Protein chains: 2
Amino acid sequence: MPSANAVLKKPIEMPAEPEKRVRNRAATEQAILNAAKRLLAEEGFQNFGINAVARGAGCDKQLIYRYYGGLDGLVEAIGTDLGSWVKDRIPDDTGGMFLLTYGDLMERLALLFLDALRADPLMRRIVAWEVSENTEQVRRLSEARSKALAGWIERMRGSLTPPKGIDTIGVNAMIFAAIQHLVLSAAVSGQCAGLVLKTSKDWEKAATALKRIVRGVYG
Amino acid sequence: MPSANAVLKKPIEMPAEPEKRVRNRAATEQAILNAAKRLLAEEGFQNFGINAVARGAGCDKQLIYRYYGGLDGLVEAIGTDLGSWVKDRIPDDTGGMFLLTYGDLMERLALLFLDALRADPLMRRIVAWEVSENTEQVRRLSEARSKALAGWIERMRGSLTPPKGIDTIGVNAMIFAAIQHLVLSAAVSGQCAGLVLKTSKDWEKAATALKRIVRGVYG
DNA sequence: CCAACCTGTCACCAGCCGGTGAATAACAAG
DNA sequence: CTTGTTATTCACCGGCTGGTGACAGGTTGG
């Protein structure tokens, strides 16, 4: 209940400023999509709804039904957008490094993913949503996210072959799970399992621990 | 309209089904608490509210205000209950094994925690809640949980000293984060980062990967 | 010019939510 | 029986939610 009710009512419009709203469907669609992403990123999925999005976009909720077919369609549009996330936020090359071993690769991937997730509130909210609910909406989002991520990893892997005798799928799942929970927990409470995660120094220590784990498995 | 409003009172109860409700405050309190835990475990924190709990407990919501001081107090009561969780669900001894090294200990702790979390829907919902919201309610729950967990680890550790030169806090945070996210994701979608987690065979592979990680760090 | 669209707004509905004041029913003591 | 206490329920409020039908106004084309 202590949600941010601070700004709900808008004051009466000043008559001198009719705030002419241009008739432009494409722009409105974009405004709605942006409002949805912003709202989800900043407020989380708890109070995410038709009314809130319409309020945030400054238009009538009816338009959301018209242009996106309701909240489901809007969420799906967000998911489609998600595909470009990896492209925008995670480097696609090896940063000039030569990745000689699978361990080199995984260490780099882990650190890149950690930073990218840390810098993207929307993605964090989506991950939190994924482990909290199992509706069709979330399943779609989740699928889009995992697909984009898998593609990125595949691209980065290149022709590097995984080591024999190790269940790389299982181990990598553990590593990525660790990163996701660590970042989520830190974003909410500033710590995770007794490890404080606030200053950049804290995060350096976390990165060191992460490297240690990756190197422990892959050498 | 007037004819419809003519009768406000419910018709006379059927004499065959008085559904006698015993007057027993302690029992009612317990029923409320049980309903709250059950509801949270089964439905998640999304639709968790005064009305839902009262409905589930089969009593009026007013009693929740009276006996627990509202939802906050009720959640706090759940948190208090949580302290006994570790005691009930995770063995407190070493199961007859001699834990010679810190690696032995951490491997055992990790596997025990994995199984315990996997078997406890309520705890899973609380963990998911923790990474989704940052209200006072959740903070209290989170604190109770982490305190109980830390106590358990401390007890299990006994006189075993952690290895030098390793940031055990950081590494252990990673390990426990991995377990939590893995179990949460699996409970919701049956997989995690491409790793399918449905059959017990799947979980054995996950356990193996987990052991590999722990042993990779702690030897 | 009028007619047909398209964009956007408004008013309204039923339903649920958290929250509260008062009535009611069971019991205990005098 | 009367009185008081305690447990329990009831009735109602304002506010927000998702959802829909009707309407206003600009834009286009015949």
Side-chain angles (χ1 to χ4, degrees), chain A residues 1-10 12-13 17-33 35-36 39-40 43-75 133 135-137, chain B residues 1 4-13 15 17-33 35-36 39-40 43-75 133 135-137:
Chain A
M1 283 257 292
S3 58
N5 283 0
V7 186
L8 285 183
K9 291 273 191 180
K10 285 204 283 191
I12 301 295
E13 309 290 318
E17 187 95 36
E19 189 63 46
K20 176 141 189 181
R21 186 158 192 78
V22 284
R23 265 167 72 94
N24 183 344
R25 169 161 179 170
T28 302
E29 283 185 9
Q30 195 59 47
I32 291 174
L33 185 59
L39 221 143
L40 189 52
E43 308 285 333
F45 57 93
Q46 295 271 52
N47 296 349
F48 187 73
I50 286 275
N51 293 296
V53 172
R55 224 177 293 133
C59 70
D60 197 276
K61 57 183 168 183
Q62 176 75 17
L63 298 184
I64 300 177
Y65 288 106
R66 273 227 253 288
Y67 297 156
Y68 290 96
L71 244 199
D72 300 344
L74 184 51
V75 169
E133 226 177 7
T135 62
E136 190 60 31
Q137 283 182 7
Chain B
M1 192 65 160
N5 281 0
V7 181
L8 287 181
K9 290 283 190 185
K10 287 201 286 188
I12 302 297
E13 310 291 319
E17 188 94 35
E19 189 61 44
K20 176 142 189 178
R21 181 160 189 82
V22 285
R23 260 168 76 93
N24 183 344
R25 169 160 182 170
T28 301
E29 284 185 9
Q30 195 60 45
I32 292 174
L33 185 59
L39 220 141
L40 189 52
E43 308 286 332
F45 56 93
Q46 295 269 56
N47 297 347
F48 186 74
I50 286 275
N51 291 298
V53 172
R55 224 177 294 130
C59 69
D60 197 276
K61 57 181 168 183
Q62 177 75 17
L63 298 184
I64 299 176
Y65 288 106
R66 274 227 234 294
Y67 298 157
Y68 290 96
L71 244 200
D72 299 346
L74 183 53
V75 169
E133 227 177 9
T135 62
E136 190 59 31
Q137 284 182 7

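Only this structure's heavy atoms are used, side chains among them; waters, hydrogens and symmetry mates stay out. Note that the structure is predicted; figures quoted are calculated from it, not measured.
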Next on the checklist: If you only use heavy atoms from C-beta on, which nucleotide in D:dT9, C:dC17, C:dG18 is closest to the side chain of B:Arg66?
Outcome noted: D:dT9
Next on the checklist: Is it the case that the side chain of B:Tyr68 and the backbone of B:Val75 share a donor-acceptor pair, with hydrogens and angles ignored and the cut-off at 3.5 Å?
Outcome noted: no
Checklist entry - When the distance from OH of B:Tyr68 to C1' of C:dG18 is rounded to whole Å, what number comes out? => result 19 Å
Next on the checklist: Tell me the interatomic distance from A:Leu71, atom CG, to D:dT17, atom P, rounded to whole angstroms.
Outcome noted: 12 Å
Item to check | Interatomic distance where CG belongs to A:Asp60 and P belongs to D:dG25 [whole Å] | outcome: 16 Å
Next on the checklist: With nearest nucleotide decided by heavy atoms, which residue, A:Ile50 or B:Glu29, maps closer to the 5′ end of DNA chain D?
Outcome noted: B:Glu29
Checklist outcome for this item: A:Leu74 atom CG is separated from D:dG19 atom C1', nearest whole Å, by 16 Å
Checklist entry - Do B:Tyr67 side-chain atoms and B:Gln30 backbone N/O form a donor-acceptor pair below 3.5 Å? => result no
Item to check | Distance test, side-chain N/O of B:Thr28 to OP1/OP2 of D:dT8, below 4.0 Å | outcome: yes
Item to check | N/O (side chain, A:Tyr65) to phosphate O (OP1/OP2, D:dG19) under 4.0 Å | outcome: yes
Item to check | Minimum-distance nucleotide to A:Arg55 side chain [options: C:dT9, D:dT17, D:dG18] | outcome: D:dT17
Next on the checklist: side-chain contact (heavy atoms from CB on, under 4.5 Å), that's the test. Do A:Lys61 and A:Val53 meet it? Break it down for me.
Outcome noted: CA-CA 8 Å; A:Lys61 57 183 168 183; A:Val53 172; over 6 Å; no
Checklist entry - B:Gln62 has a side chain; which of C:dG21, D:dT17, D:dT8 sits nearest to it? => result C:dG21
Next on the checklist: Run A:Ile64 and A:Leu71 through side-chain contact (heavy atoms from CB on, under 4.5 Å) and show every step you take.
Outcome noted: CA-CA 7 Å; A:Ile64 300 177; A:Leu71 244 199; 5.6 Å; no
Checklist entry - Does B:Arg23 get its side chain close enough to the base of D:dT6, under 3.5 Å, for a donor-acceptor pair? => result yes
Item to check | Spacing of A:Leu63 atom CG relative to C:dC10 atom P, expressed in whole Å | outcome: 11 Å
Next on the checklist: Testing the basics here: between B:Ala57 and B:Ala31, what is the closest heavy-atom pair and its distance to 0.1 Å?
Outcome noted: CB-O, 4.0 Å
Item to check | Any A:Asn51 side-chain nitrogen or oxygen under 4.0 Å from OP1 or OP2 of D:dG18 | outcome: yes
Next on the checklist: Please pick, from D:dG18, D:dT8, C:dT7, the nucleotide with the shortest atom-to-atom distance to any side-chain atom of A:Arg25.
Outcome noted: C:dT7
Item to check | Distance, rounded to the nearest Å, where B:Ile32 contributes CD1 and D:dA7 contributes C1' | outcome: 11 Å
Next on the checklist: In this structure, how many angstroms lie between the P atom of D:dG18 and the CG atom of A:Asp72, rounded?
Outcome noted: 12 Å
Checklist entry - Between atom NZ in B:Lys61 and atom C1' in C:dT20, what is the gap in whole Å? => result 9 Å
